[in-house]
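Just so you know, these numbers come straight off a predicted model, no measurement behind them. Below, chains carry the letters A, B, ... as their sequence lines are ordered, and counting in each starts from 1.
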Amino acid sequence: MYDRLKGFRDFYPDEMGARREVIDAIEDVARRYGFREVGTPALERTRMYVDKSGEEIVEELYAFEDRGGREVAMTPELTPTVARMVVERGQALSKPIKWFSTRPFWRYEQVQQGRFREFYQTNVDVFGSSDPRADGEILAFAADSLTSLGLTGDDFEFRVSHRDILGGLLESMDADVDTRAAIRAVDKSEKIPREEYYGLLVEAGLDHEQAEAFDEILSGDDLDDLVAFAGTERVDAAVENLRNVLEAAEAFGAGEFCEISLSTARGLDYYTGVVFECFDSTGEISRSVFGGGRYDDLIESFGGEPTPAVGVAPGLAPLSLLCQRAGVWPEEAPTTDYYVLQVGDTRETAASITRALRELGHVVETDLSGRSFGAQMGYADGINAETVVIVGEQDLADDVVTIKEMESGEQTKAPLSAFPPTSGRPTYDDYA
RNA sequence: UCCGGGUUGGGGUAGUGGUAUCCUGCAGCCUUGUGGUGGCUGCGACGUGGGUUCAAUUCCCGCACCCGGACCCA
């Protein structure tokens, strides 16, 4: 026996069926928004992540030197890769570029609830539009994805904030502030005691009084107050932008899921405008389910033309937690359209019937083990076969097969000349 | 990397310093012309390495993995 690696999971058919259903639902929504699927490598140069996130990040990567002496890493996220792709094609791509992709990523980090070392995300991004409607479309896509899974406004909420509001406020406070540190503090504010939060803000460069005022104005969530408090053009513009984004989200049908929450910051440094996180409305899942936001500077920092971007990346693991709490995670039992049962030496006829049914597009199984009638029926039952086609020596002598509807147990004969037909999905009712 | 709790047939469990209970599952048979109910038979477990002991699944230590949390969250 070999052990599975920590944080890596196997998915057996039942669970995989549920995952497939969820991924398909999300991707269907993405396609309806006109996002186009992209495929991307599992390995990239390690330098790409170091340049974007700093040297420390190597500790969290599955990184190694390949046989050609290249420093490579298994991709821990998609954003740098799609940024690279956008830069590489440059002006050949018509804007806005709308891409999506579902695939695994790898991070060498501590396993926790909803967090694994190999995890799946659907990344959805818009490049080349700074219009608030692009942010609105991302929010609407996220909301539609969740509702397509059966979730409702009672189950989740999007807490929407704006990097420039936080940055602009700090700037307006006339102190020498480490904006990054302050924003990190804001991001943690709901998880730590208030005094510790103030302590972090003071460390970032505010005095205690300013920290309190900053906290108060953020918790207020009143945009007019913010504008008045800061009184700067930057905050003014940011508030205006946030309002426009929310208006666009509303127009695309996601309004009821969005609420302003200025204490939502995301830990990422590269966000530049609107940021948002999806939370479990019941509060049972303490961490965010997923997040997204605007990152207008990344493409340029990768050597491309300045290209605004906004995106979101729901992860399957936290999403499944959310769905399970809400009671909408799919319960998948295997289903089978037909089981072709063989009695006696009828394998040739049985095989041709099986093949014909499969050509009609159905899910069809037949005996692979030479099992007894009873054992075959038991197997057919076990795979939830809807219809069993009994191909027996006695029936064949009369040029018929028996069609049995498993749920009711009813059965009837069908002439071999008429079964299977050249189209459709023949069942008991068609021959009774 | 750190803290806490775990690990008994495929799944779920009981239990014990003298190698293990029950349910379910899987396979076969009763039953190669009838499944989801029944009967019989079989399969199958103490995560791993070391220590203590006459004897360890049981007690002790390390490790692996699992669950939860801290840190981190690009």
Side-chain angles (χ1 to χ4, degrees), chain A residues 1-10 12 14 44 46 48-61 73 75-81 83 105-117 119 121 123 180 184 187-188 191-192 265-271 275 277 285-293 295 298 311 313 315 317-318 321 333 336 339 341-347 350 367 369-398 400-411 413:
Chain A
M1 276 293 287
Y2 298 103
D3 288 336
R4 205 163 10 107
L5 249 31
K6 180 200 287 243
F8 287 72
R9 295 163 297 161
D10 301 316
Y12 289 86
D14 282 355
E44 294 275 7
T46 305
M48 189 165 79
Y49 302 106
V50 173
D51 286 351
K52 172 170 166 284
S53 308
E55 196 66 47
E56 324 79 62
I57 192 243
V58 173
E59 298 299 311
E60 307 260 299
L61 294 176
T75 54
E77 58 167 329
L78 190 69
T79 306
T81 297
F105 296 97
W106 301 270
R107 294 180 189 178
Y108 194 85
E109 65 182 352
Q110 183 54 43
V111 172
Q112 267 176 61
Q113 184 179 46
R115 277 174 65 177
F116 301 92
R117 288 182 173 177
F119 57 96
Q121 280 187 347
N123 280 257
R180 281 188 177 188
R184 268 191 231 276
D187 197 37
K188 286 185 181 174
K191 290 194 286 193
I192 60 178
R266 301 280 286 157
L268 298 75
D269 290 330
Y270 63 71
Y271 282 118
V275 293
E277 293 197 276
I285 303 170
S286 55
R287 62 183 121 254
S288 86
V289 178
F290 61 81
Y295 51 103
L298 187 69
L321 280 179
T336 310
Y339 180 83
L341 191 151
Q342 304 173 33
V343 193
D345 186 11
T346 60
R347 68 182 68 180
D367 182 46
S369 317
R371 286 201 274 212
S372 71
F373 194 106
Q376 289 188 67
M377 282 299 285
Y379 181 76
D381 193 49
I383 60 174
N384 291 321
E386 183 182 327
T387 300
V388 168
V389 180
I390 300 167
V391 184
E393 288 174 335
Q394 295 167 21
D395 283 352
L396 288 186
D398 301 329
V400 297
V401 291
T402 296
I403 311 297
K404 181 182 175 79
E405 180 175 82
M406 289 298 274
E407 193 176 335
S408 64
E410 298 290 320
Q411 61 185 51
K413 308 271 188 200

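- Following rounding to the nearest Å, Q112(A) (CD) and rC66(B) (C1') show an atom-to-atom distance of 14 Å.
- Remark: P of rA74(B) and CD of E277(A) are 8 Å apart, rounded to the nearest angstrom.
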*Could you go step by step and tell me if D187(A) and E277(A) meet the side-chain contact (heavy atoms from CB on, under 4.5 Å) rule?*
CA-CA 11 Å; D187(A) 197 37; E277(A) 293 197 276; 4.1 Å; yes
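- For rG28(B), the paired base is rC40(B) (Watson-Crick or G-U wobble, both distances below 3.5 Å).
- Remark: the separation of the C1' atoms in rC23(B) and rG15(B) is 16 Å, to the nearest Å.
- Counting any heavy atom pair closer than 4.0 Å across all strands shown, G7(A) reaches sugar-phosphate atoms only and no base atom.
- Judged purely by distance below 3.5 Å, without hydrogens or angles, the side chains of E44(A) and Y49(A) never pair a donor atom with an acceptor atom.
- Computed from coordinates, the M377(A) CE to rG35(B) C1' distance equals 4 Å when rounded to whole Å.
- Rounding to whole angstrom units, NZ of residue K188(A) and C1' of rA70(B) are separated by 11 Å.
- rU57(B) is unpaired under the Watson-Crick or G-U wobble criterion, no partner having all donor-acceptor distances under 3.5 Å.
- Under the Watson-Crick or G-U wobble criterion, with both distances below 3.5 Å, rU16(B) has no partner in any strand shown.
- Across all strands shown, the partner of rC63(B) is rG47(B), judged by Watson-Crick or G-U wobble contacts whose two distances both fall under 3.5 Å.
- Of the possible donor and acceptor atoms, one in the side chain of T346(A) sits under 3.5 Å from a partner among the backbone N and O of V391(A).
- Regarding E60(A), its CD atom lies at a distance of 10 Å from the C1' atom of rU1(B), rounded to whole Å.
- In this structure, CD in E60(A) is found 8.5 Å from CZ in R107(A), a value given to the nearest 0.5 Å.
- For the P atoms, the distance from rG47(B) to rU24(B) is 24 Å, rounded to whole Å.
- Applying the 6.0 Å contact sphere to CZ of R9(A) captures more than 12 heavy atoms from other residues, nucleotides or ligands.
- Here T79(A) lies out of heavy-atom contact (under 4.0 Å) with every strand.
- A donor-acceptor pair is defined here as one N or O able to donate and one able to accept, closer than 3.5 Å; such a pair exists between the side chain of Y339(A) and the backbone of D367(A).
- In this structure, Y270(A) and Y295(A) have perpendicular ring planes: the angle between them is above 60°, well past the 30° mark.
- For the P atoms, the distance from rU16(B) to rA55(B) is 22 Å, rounded to whole Å.
- Base pairing of rU1(B): its partner is rA70(B), meeting the Watson-Crick or G-U wobble criterion (both donor-acceptor distances under 3.5 Å).
- Of all heavy-atom pairs between Q376(A) and R371(A), the closest is NE2-O, 2.9 Å.
- The same atom, P, is picked in rC61(B) and in rU52(B); the two are 15 Å apart, to the nearest Å.
- When the C1' atom of rC67(B) is taken as reference, atom CD of Q110(A) falls 11 Å away, rounded to whole Å.
- Counting any heavy atom pair closer than 4.0 Å across all strands shown, Q394(A) reaches a base atom.
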*Any chance you could list the contact pattern along nucleotides 24-32 of chain B? Use B for base contacts, S for sugar-phosphate-only contacts and - for none, protein heavy atoms under 4.0 Å, 5' to 3'.*
---SS---B
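- Contact of R115(A) with rC72(B) (side chain to base): a donor-acceptor pair of N or O atoms is detected under 3.5 Å.
- For the pair R184(A) and rC73(B), the criterion of a side-chain N or O lying under 4.0 Å from OP1 or OP2 is met.
- For the P atoms, the distance from rU8(B) to rG12(B) is 7 Å, rounded to whole Å.
- The residue R4(A) sits close only to the backbone: its heavy atoms come under 4.0 Å of sugar-phosphate atoms, none of a base.
- Counting atom types as modelled, R287(A) pairs no side-chain N or O with a base atom of rC73(B) as donor and acceptor under 3.5 Å.
- When the nearest nucleotides of RNA chain B are assigned to Y108(A) and P76(A) by heavy-atom distance, the more 5′-ward of the two goes with Y108(A).
- Rounded to a whole angstrom, the distance from the P atom of rG62(B) to that of rU1(B) is 15 Å.
- Base contact: E407(A) has a heavy atom under 4.0 Å from a base atom.
- For the pair I57(A) CD1 and rC71(B) P, the computed distance is 20 Å after rounding to whole Å.
- Checked by atom type and distance alone, the side chain of E393(A) pairs as donor or acceptor with a backbone atom of D345(A) at under 3.5 Å.
- Summarising the geometry, the separation between CG on D367(A) and C1' on rU34(B) is reported as 15 Å, rounded to the nearest angstrom.
- The separation of rG5(B) from rU41(B), taken at their P atoms, amounts to 44 Å, rounded to a whole angstrom.
- In this structure, T75(A) contributes its side chain and L78(A) its backbone to no donor-acceptor pair below 3.5 Å.
- Nearest nucleotide to the side chain of Q411(A), out of rC66(B), rU34(B), rG36(B): rU34(B).
- To the nearest whole angstrom, the two P atoms, one in rU21(B) and one in rG38(B), are 23 Å apart.
- At the heavy-atom level, G409(A) lies under 4.0 Å from base atoms of the strands shown.
- Nucleotide rU34(B) is matched to nothing when pairs are restricted to Watson-Crick or G-U wobble geometry with both distances under 3.5 angstrom.
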